[in-house]
Amino acid sequence: MMELQRSAALRFFLGFLLLSMANGRFVVEKNSLRVTSPDKIKGTYDSAIGNFGIPQYGGSMAGAVVYPKENQKGCKEFSEFGITFKSSPGALPTFVLVDRGDCFFALKVWNAQKAGASAVLVADNIEEALITMDSPEEDGSTSKYIENITIPSALIEKRFGEILKKAISAGDMVNVNLDWREAVPHPDDRVEYELWTNSNDECGVKCDMLMEFMKDFRGASQILEKGGYTQFTPHYITWYCPRAFTLSKQCKSQCINHGRYCAPDPEQDFSSGYDGKDVVLENLRQLCVFRVVNETKKPWVWWDYVTDFQIRCPMKEKKYNKECADGVIKSLGLDIKKIENCMGDPNADSENTVLKEEQDAQVGKGTRGDVTILPTVVVNNRQYRGKLEKGAVLKAICSGFEETTEPAVCLSTDVETNECLDNNGGCWQDKAANLTACKDTFRGRVCECPLVDGVQFKGDGYTTCEASGPGRCKVNNGGCWHEARDGHAFTACTDNGEVQCQCPPGFKGDGVKSCEDIDECKERKACQCPDCSCKNTWGSYDCSCSGNLLYIRDQDTCISKSSGGGKSSAWVAVWVILIGLAMAAGGAYLVYKYRLRSYMDSEIRAIMAQYMPLDSQAEVPNHVNEERA
């Protein structure tokens, strides 16, 4: 009975899913495949990127094509036939050509990878337009190898496959170059990317993979958003219920807003567990969380909500509900009322603005086709193809930046090439100053003269880089000679904006590698006066005069020093002046003391006369009254 219900659920949703996509447009994401030898088949051909493994977005890969004599469809392990594709040291990597048919695309690639292949080309078996090689619905058997595929793969047209086989059978060495550099547009220093996802966590291995990716990619995405390097937008796929089934039990349990927005039953069983409408409501809530946090200029908080919801509110623990979601919202300090207002009424017989925009966005525009695969990453309006894994997706996003504008997160250990570690990438280097023109990018290294402490180095980046402009002498002395001895330092760098090194006065040399001290005494450039004697020092010289003479350097001459008698006279004069000053100070003090005492006595008598007059005392002058008058 349960199996019948599952089958009914699958048939029901497959039916209206196909109806909703009838007018859709699927665009195959391609990369360029260029044959470099033999000459007779040289040229560029289209190939469709496989939706598993790890394509080298932003880069390219050269290899030699091999078509096995046995197991040509690659459906069995090549070890059973004693076949290996491991390249010998110094040889090009091996690209294995296999035929389409009899088993999953992913299994062909997995078998070739185990045998040592670096990439796989699958030749179509019918004449048709290229399609995307998608991974099969994952179950216990397929998940063991799909998540472990790490090499890139591509589907090629049947006609081109026949051309390659013919050249290989003729004994020609077939070399090709897979190029992903234009798979993602990279017009400027900001990348716009989308993640089409789903809140359902009970859809098997694919849901587990999506949840794991969300947790792993959260940190990198938040760094990119906080730095303003990217503009991220989450999206959710919904389908509508055919009008004829709107009132059916299936539509009512899987849809909201009277069949306008639906999702498949999580357990594919209408009689138990959660319903599709529960998934639609949580998808809507997550969209509204993004809108609210985006309004507060903190779009990266969306990643906190969805990862916290996955951890705290899983379906298997029966916590996938509004109460648990509200707890997560409160813990992040978000406005629940704003989110609820954004969600609207799920029971209304009307359009929901948020979900209507999502359905419109599913339809492809420009170079991007319809979004039909979950999960899907879209980078600069191009759908990503490959394994949903942090390093692979980050590499695709980083390939969307204009070259050399990638943020530091693009040079993480997951994606950086580390070419500068090997012989400095062949770029200019100043080991003494620890400076290099080599820059690692996820595309590979570039040789560009560096900017150090505001000083720009100029040159070709490969053989020369020289400091230029004001301040150049601060950086490794501008690449000029410098030396210090006995507390004296000299440099050949002059901070006048010129890219030249000139030995300072007192030295001679090229100014770059060496400046040697000039012996001014031997070259008679100093101490020319008759009474002078010269002694050379490093970078300078010392002159002295004979007898009682003093050397004046500016005039290069000797003058007489003062005599000892003169010194004695000077000391006598000093003492006379000091004694005179002391006597003057003492006299001034006595005069001041006498006058002050006399003045105070007269004042005291005047005051006493006013209050206690004496008959025998004559009238005392009152200085106070005199002053007031």
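Starting from 1, each residue takes its place in the sequence as its number.
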Colleague: Identify the two heavy atoms, one from Ser153 and one from Val109, that lie closest to each other, and give their separation to 0.1 Å.
Modeller: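 That would be CB-CG2, 3.7 Å.
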
Colleague: Apply salt bridge (charged side-chain N to carboxylate O under 4.0 Å, His left out) to Glu448 and list each qualifying residue two or more places apart in sequence or on a separate chain.
Modeller: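 Only Lys439 meet the salt bridge (charged side-chain N to carboxylate O under 4.0 Å, His left out) criterion with Glu448.
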
Colleague: Does the SG-to-SG distance between Cys288 and Cys342 fall under 2.5 Å?
Modeller: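 Yes, disulfide present: SG-SG under 2.5 Å.
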
Colleague: Can you name the residues that form a salt bridge (charged side-chain N to carboxylate O under 4.0 Å, His left out) with Lys318, not counting sequence neighbours?
Modeller: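 Result, salt bridge (charged side-chain N to carboxylate O under 4.0 Å, His left out) vs Lys318: none returned.
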
Colleague: Is it the case that over 12 heavy atoms from other parts of the model lie below 6.0 angstrom from the NZ atom of Lys165?
Modeller: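 Yes.
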
Colleague: Can the SG atoms of Cys251 and Cys262 be said to lie under 2.5 Å from each other?
Modeller: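 A disulfide is absent here, as the SG pair of Cys251 and Cys262 is separated by 2.5 Å or more.
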
Colleague: Evaluate the side-chain proximity of Leu195 to Pro234: yes if any heavy-atom separation is below 4.5 Å, no if none is.
Modeller: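 SC-SC contact between Pro234 and Leu195 ruled out.
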
Colleague: Applying salt bridge (charged side-chain N to carboxylate O under 4.0 Å, His left out), which residue pairs with at least one partner in residues 236-250 are found, sequence neighbours left out?
Modeller: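 As it turns out, there is no salt bridge (charged side-chain N to carboxylate O under 4.0 Å, His left out) pair with a partner in residues 236-250 once direct neighbours are skipped.
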
Colleague: Within a strict 4.5 Å, meaning less than it, do heavy atoms of the Arg260 and Leu355 side chains meet?
Modeller: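 Not touching, per the 4.5 Å side-chain cut-off.
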
Colleague: Tell me, which pairs form a side-chain hydrogen bond (donor to acceptor under 3.5 Å, both in side chains) where one or both residues lie in residues 277-288, sequence neighbours left out?
Modeller: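 Matches after skipping sequence neighbours: Asn198-Asn283, Ser199-Asn283, Tyr236-Gln286, Glu282-Arg285, Glu282-Gln286, Glu282-Tyr305.
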
Colleague: Tell me the salt bridge (charged side-chain N to carboxylate O under 4.0 Å, His left out) pairs involving residues 289-300, sequence neighbours left out?
Modeller: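 For residues 289-300: Arg291-Glu357.
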
Colleague: I'd like a table of donor-acceptor pairs (distance under 3.5 Å, sequence neighbours excluded) in which one partner is a side-chain atom from residues 208-221, with atom names and distances.
Modeller:
unit_1, atom_1, unit_2, atom_2, d
Arg218, NE, Asp304, OD1, 3.0
Arg218, NH1, Thr307, OG1, 3.1
Arg218, NH2, Asp304, OD1, 2.6
Ser221, OG, Tyr193, OH, 2.7
Ser221, OG, Trp303, NE1, 2.9

Colleague: Can you tell me how far CG of Leu284 sits from CE of Met343, rounded to the nearest 0.5 angstrom?
Modeller: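 One finds 4.5 Å between CE of Met343 and CG of Leu284.
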
Colleague: Do Thr230 and Glu225 get their side chains close enough for a donor-acceptor pair, meaning under 3.5 Å?
Modeller: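 There is such a pair between these side chains.
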
Colleague: Given the rule in the side-chain hydrogen bond (donor to acceptor under 3.5 Å, both in side chains) test, do Tyr384 and Glu194 qualify, once you have shown the distances and angles that lead to the verdict?
Modeller: CA-CA 10 Å; Tyr384 164 83; Glu194 306 166 2; over 6 Å; no

Colleague: Please tell me if the side chains of Asp265 and Gln254 come closer than 4.5 Å, counting only heavy atoms from C-beta onward.
Modeller: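 Counting from C-beta outward, Asp265 and Gln254 do come under 4.5 Å.
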
Colleague: Check whether any side-chain N or O of Thr94 sits under 3.5 Å from a backbone N or O of Phe85 as a donor-acceptor pair, and report yes or no.
Modeller: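 Side chain of Thr94 to backbone of Phe85, a donor-acceptor pair under 3.5 Å: yes, one is there.
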
